[in-house]
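For reference, positions follow the sequence shown, starting with 1.
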Amino acid sequence: WQCFRALCCKGPPPPRPEYDLVCIGLTGSGKTSLLSQLCSESPENIVSTTGFSIKAVPFQNAILNVKELGGADNIRKYWSRYYQGSQGVIFVLDSASSEDDLETARNELHSALQHPQLCTLPFLILANHQDKPAARSIQEV
C-alpha cells in the first residue's frame with residue numbers, strides 16, 4: 001500500500017519551461033517538414049505554410065512554441081511583425097537551391113540577424129536537403 005500511495009499521490013509533474021521561437025526561411029526550404037518531424041507527425045500530406053502556423057514541440061525538459069512563417073515573396077515582408085516575444089530563431093535554407101534562391105536566403109538571413117528584436121537572440125541555421133545531389137556543403141553555404 002505504501003508503494004502504491006507513493007506512486008499515485010505524487011501529484012502532477014512540475015511544469016516544463018516554455019520557449020517561444022520563430023522559424024523562417026524561403027518557401028520549400030523545409031520548415032514545415034522539420035517541425036512535423038520534431039512533432040513525430042506523418043511526413044505525408046505536408047503542405048507549404050502560406051501565412052504562419054504555431055506548433056508546440058515537446059522535449060523532455062522543455063516545450064518549444066515555434067511560430068513558422070511562410071517564406072513566399074509576398075509574405076516575407078511581414079515577418080518582422082511576428083518577431084516580438086521570440087527567444088530564439090530557426091533559419092532553414094535549402095542547401096540544394098539555385099544560386100539566386102541561395103542569395104535571397106542569404107539576404108533574408110542577414111536582415112534577420114540585424115533586426116533589433118532578433119539580433120541578440122540565439123540563431124540555429126539549418127542547411128536542409130543535404131541528401132540531395134545538388135546540396136552544397138556547409139562551407140559553400
Side-chain angles (χ1 to χ4, degrees), residues 2-141:
Q2 190 69 4
C3 182
F4 176 73
R5 184 181 175 114
L7 285 175
C8 77
C9 301
K10 276 184 165 178
R16 292 180 280 182
E18 294 190 29
Y19 301 96
D20 295 329
L21 306 178
V22 64
C23 181
I24 54 178
L26 303 186
T27 296
S29 60
K31 300 178 299 295
T32 306
S33 297
L34 168 68
L35 294 175
S36 293
Q37 181 75 29
L38 289 174
C39 290
S40 301
E41 296 174 353
S42 170
E44 297 173 23
N45 304 322
I46 291 179
V47 180
S48 271
T49 303
T50 21
F52 76 95
S53 71
I54 299 174
K55 281 197 188 269
V57 183
F59 288 96
Q60 185 175 354
N61 297 323
I63 296 172
L64 304 181
N65 296 311
V66 183
K67 268 188 276 190
E68 177 199 351
L69 308 181
D73 269 352
N74 59 340
I75 294 174
R76 289 196 305 266
K77 60 186 170 190
Y78 299 110
W79 279 359
S80 62
R81 295 180 182 198
Y82 296 91
Y83 291 165
Q84 189 169 356
S86 295
Q87 296 170 287
V89 181
I90 303 169
F91 190 92
V92 182
L93 63 92
D94 179 357
S95 62
S97 65
S98 70
E99 271 307 316
D100 286 347
D101 283 348
L102 196 58
E103 184 63 29
T104 302
R106 189 176 291 121
N107 292 336
E108 293 295 346
L109 173 60
H110 285 285
S111 178
L113 285 166
Q114 294 170 6
H115 193 279
Q117 290 179 313
L118 302 182
C119 65
T120 60
L121 301 180
F123 267 73
L124 168 66
I125 301 170
L126 179 69
N128 202 13
H129 299 143
Q130 287 291 307
D131 56 330
K132 292 186 178 178
R136 294 167 184 79
S137 68
I138 300 299
Q139 293 77 18
E140 292 174 301
V141 171

Check your understanding: For the side chain of S33 and the backbone of G30, is there at least one donor-acceptor N/O pair under 3.5 Å apart?
Key -> no
Practice item. Under the side chain to side chain contact (heavy atoms under 4.5 Å, CB included) rule, what do S97 and L102 come out as? Steps first, then yes or no, please. Key: CA-CA 6 Å; S97 65; L102 196 58; 4.0 Å; yes
Practice item. Would you check, one step at a time, whether the test side chain to side chain contact (heavy atoms under 4.5 Å, CB included) holds for E99 with R136? Key: CA-CA 11 Å; E99 271 307 316; R136 294 167 184 79; 3.2 Å; yes
**Study point:** D73: partners by side-chain hydrogen bond (donor to acceptor under 3.5 Å, both in side chains), with sequence neighbours left out
**Key:** R76
Check your understanding: Which pairs count as ring-ring contact (aromatic ring centres under 6.0 Å, His included) when at least one residue sits in residues 119-141, sequence neighbours excluded?
Key -> none
**Study point:** Residues forming a ring-ring contact (aromatic ring centres under 6.0 Å, His included) with F52, sequence neighbours excluded
**Key:** Y82
Practice item. Output all residues satisfying side-chain contact (heavy atoms from CB on, under 4.5 Å) with P17, sequence neighbours left out; order by chain, then residue number. Key: Y19, A62
Review point. Residues two or more places apart in sequence or in another chain: which of them pass side-chain hydrogen bond (donor to acceptor under 3.5 Å, both in side chains) with K55?
Key: E41
**Study point:** side-chain contact (heavy atoms from CB on, under 4.5 Å) involving Q139 - partner list, sequence neighbours excluded
**Key:** S137
Study note, to complete from the structure: Residue set satisfying side-chain contact (heavy atoms from CB on, under 4.5 Å) with S98, at least two apart, ordered chain then number -> D100, D101
Exercise for review: Please check if the side chain of K31 supplies one atom and the backbone of G25 the other of a donor-acceptor pair under 3.5 Å.
Suggested key: yes
Review point. Short question: side chain of S86, backbone of D20 - any donor-acceptor pair under 3.5 Å?
Key: no
Exercise for review: Tell me, with the steps shown, if L124 and L21 meet side chain to side chain contact (heavy atoms under 4.5 Å, CB included).
Suggested key: CA-CA 10 Å; L124 168 66; L21 306 178; over 6 Å; no
**Study point:** With R106 via side-chain hydrogen bond (donor to acceptor under 3.5 Å, both in side chains) - residues at least two apart
**Key:** E103
Check your understanding: Any side-chain heavy-atom pair from L34 and N128 closer than 4.5 angstrom?
Key -> no
Exercise for review: Applying side-chain contact (heavy atoms from CB on, under 4.5 Å), name anything that partners A56, two or more places apart in sequence or on another chain.
Suggested key: I63, N65
Check your understanding: Listed by chain and number, what are the side-chain hydrogen bond (donor to acceptor under 3.5 Å, both in side chains) partners of T49, not counting sequence neighbours?
Key -> T32, E68
**Study point:** Qualifying ring-ring contact (aromatic ring centres under 6.0 Å, His included) pairs, either residue in residues 93-114, two or more places apart
**Key:** none
Show me the donor-acceptor pairs, under 3.5 Å and distance only, between side chains in residues 111-121 and residues at least two apart or in other chains.
| residue | atom | partner | partner atom | Å |
| --- | --- | --- | --- | --- |
| H115 | ND1 | Q117 | N | 3.0 |

Review point. After noting the C-alpha distance and the side-chain angles of D94 and L26, does the key distance pass the side chain to side chain contact (heavy atoms under 4.5 Å, CB included) rule?
Key: CA-CA 8 Å; D94 179 357; L26 303 186; over 6 Å; no
